Number of protein chains: 2
Amino acid sequence: MSQDRTFDVLTATCPSRTSLARIANKWTAMVVIALSAGRMRFGDLRAKVDGISGKVLTDTLRDLERDGLVSRYAYAEVPPRVEYELTELGHTLQSPLRALGHWAEQHIEEVLTARESYDARR
Amino acid sequence: MSQDRTFDVLTATCPSRTSLARIANKWTAMVVIALSAGRMRFGDLRAKVDGISGKVLTDTLRDLERDGLVSRYAYAEVPPRVEYELTELGHTLQSPLRALGHWAEQHIEEVLTARESYDARR
DNA sequence: CCCATTGGTTACGTTGAGGTAACTGGTTAC
DNA sequence: GTAACCAGTTACCTCAACGTAACCAATGGG
């Protein structure tokens, strides 16, 4: 139950780094943030994560499903209906990733200002 | 001062998304986590972020500097010496990214288990 | 003298992420 | 008959990410 100091993302061979590589990713972040609103079907998710291509959304969802972060519910209907939702594990990832999204929104003006002065300097 | 609902990372054209793309990135996360320990020179940073190549570290640091998250101090010595540290803005990013790192370390076992059962299922 | 040492940067070549577009399936509406 | 519907899947192509290795310049050792 207590924290084993066994895993360290800064160590190249540590398996936790493969996990970090997956979650520290813009598409993963956006999909998880979108799914925070609750169970959703593929088309709605695609509309919510503005600009994501079908291929990338499919790939991202499959990876998240494989890692146990998202559940997939397919209905044998025509036209097909498929819904996705965060698992219990996925919910634990929601708050860190939403924090990242909030950071991006709250600090974008400072970032843009910094970029301008950096670019002007060269 | 209050929160304008002006920015939304889920909107493709929103500038905050470019910012999210930069911070929701494995190398960015690892470098910021490493720099949480304080001002550090290039070589030490490279050793701490195990497995990162010189080129990627340089590129990552330059992007972070451009966005105002990291300060760069170069000394005109031979051999050259350059130190980096988080800016005030960079410090505000430290806790969300460390949270991501912790998540990866704390939940890697569940993730590995999920992967196994997913792969076995196919 | 000459060469090795040192940290950061750059040039070059390779790999992989990601975009586009065409196609699948059975049912309903024209 | 044929067109539209939804969630993929595949093939193909492009461009960005990444790794490798050479390079720079002043100092110290032999």
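Bear in mind that the values here come from a model prediction, so they are computed numbers and not experimental data. Just so it is clear: chains get the letters A, B, ... in the order the sequence lines come, proteins before strands, and each one is counted from 1.
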From the list A:Glu65, A:Arg39, A:Arg72, side chain to side chain contact (heavy atoms under 4.5 Å, CB included) with A:Tyr84 holds only for A:Arg72

Between CZ of B:Arg81 and P of D:dA26 the distance, given in whole Å, is 17 Å

Q) Do the side-chain N and O atoms of A:Tyr73 and A:Glu85 include a donor-acceptor pair separated by under 3.5 angstrom? A) yes

**Item:** Residues B:Asp59 and B:Lys55 bridged, charged N to O under 4.0 Å
**Value:** yes

dist A:Asn25:CG -> A:Leu64:CG (nearest 0.5 Å) comes out at 9.0 Å

To the nearest angstrom, the CG-P distance between B:Leu57 and D:dT20 comes to 15 Å

Whole-Å distance, A:Glu77 CD to D:dC5 P, equals 17 Å

Checklist line | Phosphate OP1/OP2 of D:dC18 contacted by B:Trp27 side-chain N/O (<4.0 Å) | finding: yes

With the side chain defined as heavy atoms from C-beta on, B:Arg62 is closest, among C:dT10, C:dG25, C:dG8, to C:dT10

Would you indicate, yes or no, if C:dT9 has its OP1 or OP2 atom less than 4.0 angstrom from a side-chain nitrogen or oxygen of B:Arg72?
-> yes

Between A:Val78 and A:Val56, whichever has its closest DNA chain C nucleotide further toward 5' is A:Val56

Intra- and inter-strand pairing of DNA chain C, written as dot-bracket with Watson-Crick and G-U pairs under 3.5 Å and | for the latter, reads ||||||||||||||||||||||||.|||||

inquiry  = OP1 or OP2 of D:dG8 versus the side-chain N and O atoms of A:Arg46: is any pair under 4.0 Å?
reply    = no

When rounded to whole Å, the CZ to C1' distance for the pair A:Phe42 and D:dC6 reads 9 Å

Whole-Å distance, B:Ile52 CD1 to D:dT20 P, equals 13 Å

Distance test, side-chain N/O of A:Arg41 to OP1/OP2 of D:dA7, below 4.0 Å: yes

>> Is B:Thr58 close enough to C:dT9 that one of its side-chain N or O atoms is under 4.0 Å from OP1 or OP2 there?
In response: yes

Quick note, A:Ser53 side chain, CB onward, closest among D:dC6, D:dC18, C:dG19 is C:dG19

(message) If we count only N and O atoms by modelled type, under 3.5 Å, do the side chains of A:Glu110 and A:His107 hold a donor and an acceptor together?
(response) yes

Between A:Tyr84 and D:dG8, is there a side-chain N or O to OP1/OP2 distance below 4.0 Å? yes

Rounded to whole Å, CG of B:Asp59 lies from C1' of D:dG19 at a distance of 12 Å

Winner on side-chain proximity to A:Lys55, out of D:dA11, D:dA7, D:dC18, is D:dA11

Between NZ of A:Lys26 and P of C:dA17 the distance, given in whole Å, is 13 Å

Worksheet item: Is there a donor-acceptor contact under 3.5 Å linking the side chains of B:Thr11 and B:Asp8?
Response: yes

I'd like to know if A:Glu83 pairs up with A:Arg41 as an ion pair, taking the criterion as any Lys NZ or Arg NE/NH1/NH2 lying under 4.0 Å from an Asp or Glu carboxylate oxygen. no

